[in-house]
Protein chains: 2
Amino acid sequence: MDAIDLSLVDLLRSNARLSYAELARQVGLSAPAVHERVGKLESSGVVRGYRADVAPEAIGLGVTALIGIVEDSGADSDDMLESLRVLPEIESCYFMAGVESFLLKARVGTIAELEQLIVRLNRTPGVASTRTAIALSTKWENRPQPVGPPAA
Amino acid sequence: MDAIDLSLVDLLRSNARLSYAELARQVGLSAPAVHERVGKLESSGVVRGYRADVAPEAIGLGVTALIGIVEDSGADSDDMLESLRVLPEIESCYFMAGVESFLLKARVGTIAELEQLIVRLNRTPGVASTRTAIALSTKWENRPQPVGPPAA
DNA sequence: ACTCTCCGTGGACGCCATCGACCTGAGCCT
DNA sequence: AGGCTCAGGTCGATGGCGTCCACGGAGAGT
């Protein structure tokens with residue numbers, strides 16, 4: 001992970017569809033060199049994948065909610081995790097410090113679907129209680145912050 | 001937005017670097033047709049961009065926190081938004097229903113940097129109080145949920 | 001029925017991805 | 001010091017891809 005790798009990561013975070021040739025021009029290497037570096041970044045787990053950033057409302061996911069989960073005393077967090085993982089509406093899942101063990105970001109199409117999700121969560125073994133906060137609007141999300149010395 | 005567009009969006013959400021030729025094979029159209037469809041999805045705002053998914057710890061962002069902000073009564077939310085927008089550590093910003101007007105997801109390298117961020121937030125005009133919860137680990141994040149009828 | 005429009009296909013051409021061979025410099029062993 | 005080795009780069013070649021263009025068919029409106 002030298003400065004060139006950081007530049008590559010930065011470039012790919014802002015536009016994952018840049019060609020290797022274009023990346024090469026930006027960092028001042030040849031295309032095969034960039035190809036190899038990016039390959040190593042991928043196989044070492046630094047770059048986990050490439051995602052299109054899609055407007056959620058455009059694909060019928062207009063409701064965003066953040067849900068905190070308090071665990072039963074004695075509940076097994078790993079079991080709970082597996083229960084949460086199978087719910088596709090849960091886009092993100094953080095294990096938190098504090099009373100609420102988990103914080104979920106969920107996206108659904110309608111408030112009715114959100115209600116169903118919350119009911120399902122409360123029925124999940126190990127869940128003592130949930131607390132849901134609805135996002136009225138997403139100002140921005142997953143904004144890549146510049147990394148390392150930006151002026152390469 | 002027909003079924004083919006949804007398939008394209010789905011494919012690009014799971015791998016944004018797929019070639020047009022490959023996309024074309026998957027959806028049963030020619031490459032130019034796919035190229036045009038994707039171009040329209042981009043210019044209509046459905047596809048907002050393409051991002052590499054990078055392991056945050058690998059680029060020195062090992063600390064994740066979620067911060068709720070309570071506004072002063074009479075504060076201007078738009079002004080506050082602009083104040084928040086210039087803080088690069090804030091990766092996501094939601095305008096919420098509830099006592100806390102904003103919910104931020106921030107990522108920093110160290111707890112000390114988190115402390116500085118919180119201090120800065122509390123000094124920001126319009127901020128009455130903040131509440132910070134630290135994520136001990138990120139189980140998953142921004143998992144794309146399948147959209148539409150998956151069996152195309 | 002005619003035509004307009006939308007949306008697709010097929011062909012062409014230049015650029016890109018990717019492989020292999022070779023080069024260079026750093027570090028290390030003798 | 002000299003030379004081995006290896007990591008990591010450049011260069012050149014080739015096959016596939018991106019992208020532009022002209023053309024064609026289905027469906028709607030008059």
Side-chain angles (χ1 to χ4, degrees), chain A residues 1-61 142 144 146-152, chain B residues 1-61 142 144 146-152:
Chain A
M1 275 296 277
D2 61 4
I4 291 183
D5 281 336
L6 284 177
S7 300
L8 289 173
V9 164
D10 233 15
L11 289 165
L12 286 171
R13 283 216 300 174
S14 64
N15 183 2
R17 280 184 80 83
L18 287 173
S19 68
Y20 290 114
E22 182 59 29
L23 291 170
R25 278 187 287 270
Q26 302 268 344
V27 302
L29 288 182
S30 64
V34 168
H35 187 257
E36 183 171 344
R37 275 174 177 267
V38 173
K40 284 180 182 171
L41 288 170
E42 289 170 358
S43 55
S44 71
V46 173
V47 171
R48 295 185 291 207
Y50 304 94
R51 307 267 175 76
D53 173 20
V54 174
E57 324 81 55
I59 53 174
L61 297 173
N142 303 125
V147 74
Chain B
M1 277 295 278
D2 60 4
I4 291 183
D5 281 336
L6 284 178
S7 300
L8 290 173
V9 164
D10 234 15
L11 289 165
L12 286 171
R13 283 215 300 174
S14 63
N15 182 3
R17 279 184 81 81
L18 286 174
S19 68
Y20 290 115
E22 182 59 30
L23 291 170
R25 277 187 286 270
Q26 302 268 343
V27 303
L29 287 183
S30 64
V34 168
H35 186 253
E36 182 171 346
R37 276 173 176 267
V38 172
K40 283 181 183 170
L41 289 171
E42 289 170 0
S43 55
S44 71
V46 174
V47 172
R48 295 185 292 206
Y50 304 94
R51 306 269 174 75
D53 174 19
V54 175
E57 324 82 55
I59 54 174
L61 297 173
N142 303 125
V147 75

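In what follows, every chain begins at residue 1, and chains take the letters A, B, ... in the order their sequences are listed. Quantities reported herein were computed from a predicted structural model and do not represent experimental measurements. The figures that follow rest on heavy atoms only: side chains count, while hydrogens, waters and symmetry mates do not.
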Working to the nearest 0.5 angstrom, can you tell me the gap between [X] [atom1] and [Y] [atom2]?
X: A:Leu8; Y: A:Leu18; atom1: CG; atom2: CG; result: 10.0 Å
X: B:Ser19; Y: B:Arg25; atom1: OG; atom2: CZ; result: 6.0 Å
X: B:Ile59; Y: A:Asp5; atom1: CD1; atom2: CG; result: 12.0 Å
X: A:Leu11; Y: A:Leu6; atom1: CG; atom2: CG; result: 11.0 Å
X: A:Arg37; Y: A:Met1; atom1: CZ; atom2: CE; result: 10.5 Å

Going by atom types only, do B:Asp53 and B:Asn142 share a side-chain donor-acceptor pair under 3.5 Å?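 No, B:Asn142 and B:Asp53 have no side-chain donor paired with an acceptor closer than 3.5 Å.
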
How large an angle, rounded to 10°, do the end axes of the helix from C:dA1-D:dT30 to C:dT30-D:dA1 enclose when each is built from five base pairs?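 Taking the rotation axis at each end, their angle is 20°.
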
What's the shortest heavy-atom distance between [X] and [Y], and which atoms?
X: A:Arg13; Y: B:Arg51; result: O-CD, 2.9 Å
X: B:Val34; Y: B:Ala24; result: CG2-CA, 3.5 Å
X: A:Asp10; Y: A:Pro146; result: OD1-CA, 4.0 Å

Can you check whether A:Leu12 reaches B:Arg17 side chain to side chain, under 4.5 Å on heavy atoms?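 A side-chain contact under 4.5 Å exists here.
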
If you take any heavy atom closer than 4.0 Å to DNA chain D, which residues from residues 32-46 of chain A end up in contact?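 Per residue number, the list reads A:Pro32, A:Ala33, A:Arg37, A:Lys40.
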
Which of residues 13-31 of chain B sit near DNA chain C, with a heavy atom under 4.0 Å from it?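 Going residue by residue through residues 13-31 of chain B, the ones with a heavy atom under 4.0 Å of DNA chain C turn out to be B:Leu29, B:Ser30.
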
